[in-house]
Amino acid sequence: MGKHIKNKNSFLFLFYPESSGAYSAFAVDFGQATSGNTKYKAERMAGDLLNILVDLEEYTYLKDDKNRKKHWEVDPDELYYEFTGDSLSEEDRKGVYYKYIYPRAYYIKE
């Protein structure tokens, strides 16, 4: 039996801490990125980004979760290189994490 994500309406993001304390968020299946100046804000920005991308015609194939990558299929180092052209150092790898995000609009109070 294959592995499945719990909620078929969520999409994989990898989050990378920046030296400033901010986080970059990479939408694995969409080839898009966003960020936030805290972990919380980066996750909320990921939801906002998905809210826009999920309805675009070029991504309709992703409505079927079988067409989406799962966290065990993605190498964080390779993904970072794809998005940035840079390599992760050992120190940079320590705070990298993944999360499945739902497409929704968030409002962040400053």
Side-chain angles (χ1 to χ4, degrees):
M1 226 170 148
K3 295 180 180 180
H4 298 283
I5 56 175
K6 288 182 181 180
N7 190 313
K8 295 180 180 192
N9 296 320
S10 62
F11 295 82
L12 177 62
F13 271 79
L14 265 69
F15 293 86
Y16 296 83
E18 304 293 339
S19 59
S20 65
Y23 281 80
S24 294
F26 300 156
V28 174
D29 292 307
F30 295 93
Q32 302 290 327
T34 188
S35 64
N37 59 2
T38 66
K39 192 183 284 193
Y40 171 80
K41 288 182 180 179
E43 290 177 7
R44 296 310 181 248
M45 292 299 292
D48 284 343
L49 178 62
L50 278 176
N51 194 43
I52 296 165
L53 296 174
V54 76
D55 291 327
L56 294 177
E57 190 171 324
E58 64 192 278
Y59 299 119
T60 55
Y61 71 98
L62 292 173
K63 291 192 184 230
D64 182 345
D65 71 322
K66 294 178 191 127
N67 294 327
R68 297 182 220 151
K69 291 183 180 150
K70 311 305 184 268
H71 65 275
W72 59 86
E73 300 171 323
V74 179
D75 180 320
D77 293 330
E78 288 177 18
L79 185 69
Y80 189 80
Y81 186 80
E82 278 178 38
F83 274 83
T84 68
D86 292 330
S87 298
L88 286 172
S89 68
E90 278 297 319
E91 189 63 31
D92 293 336
R93 281 188 198 104
K94 289 180 183 175
V96 175
Y97 69 99
Y98 72 88
K99 187 169 186 175
Y100 289 91
I101 301 289
Y102 301 95
R104 59 177 73 143
Y106 289 95
Y107 300 96
I108 299 172
K109 294 179 183 178
E110 293 296 323

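Fair warning: this is a prediction, and the values are worked out from it, not measured in the lab.
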N-O pairing of Lys70 and Asp29 below 4.0 Å: no
Minimum heavy-atom distance between Val74 and Leu12, given as atom pair plus value: CG2-CD2, 3.9 Å
For the student: nearest non-hydrogen atoms of Pro103 and Asn51, plus distance: CB-N, 3.8 Å
Within-4.5 Å side-chain heavy-atom neighbours: Leu14 and Val28: yes
Ser24 side, atom OG; Phe15 side, atom CZ - distance, nearest 0.5 Å: 10.5 Å
Distance-minimising heavy-atom pair for Ala25 and Ala42: CB-O, 4.3 Å
Approximate separation, where rounding is to 0.5 Å, of Met45 CE and Lys41 NZ: 10.0 Å
From Tyr23 atom OH to Tyr40 atom OH, the distance as rounded to the nearest 0.5 Å: 15.5 Å
Ile52-Ile101 co-clustered via ILVMFWY side chain contacts under 4.5 Å: no
Enclosure of Glu73 CD (heavy-atom neighbours >12, cutoff 6.0 Å): yes
Pairwise side-chain hydrogen bond (donor to acceptor under 3.5 Å, both in side chains) hits with a residue in residues 75-86, at least two apart: Asp77-Arg93
Phe11 vs Leu53 side-chain heavy atoms within contact, under 4.5 Å: no
Lys63 atom NZ, neighbour heavy-atom count above 12 within 6.0 Å: yes
Set of residues satisfying side chain to side chain donor-acceptor pair (under 3.5 Å) with respect to Asp92, sequence neighbours excluded: Ser89
Chi angles and distances behind the side chain to side chain contact (heavy atoms under 4.5 Å, CB included) call for Phe13, Leu50: CA-CA 10 Å; Phe13 271 79; Leu50 278 176; 3.5 Å; yes
Residue pair Tyr102 / Asn9: nearest heavy atoms and the distance that separates them: CD2-O, 4.0 Å
Atom of Tyr61, atom of Glu58 and distance for their closest heavy-atom approach: CE2-O, 3.4 Å
Contacts of type side-chain contact (heavy atoms from CB on, under 4.5 Å), residue Phe83, not counting sequence neighbours: Phe26, Ala33, Leu79
Whether Tyr98 and Tyr100 hold their rings parallel, tilted or perpendicular, with breakpoints at 30° and 60°: perpendicular
Value rounded to 0.5 Å, distance of CG in Leu62 from CZ in Arg68: 6.5 Å
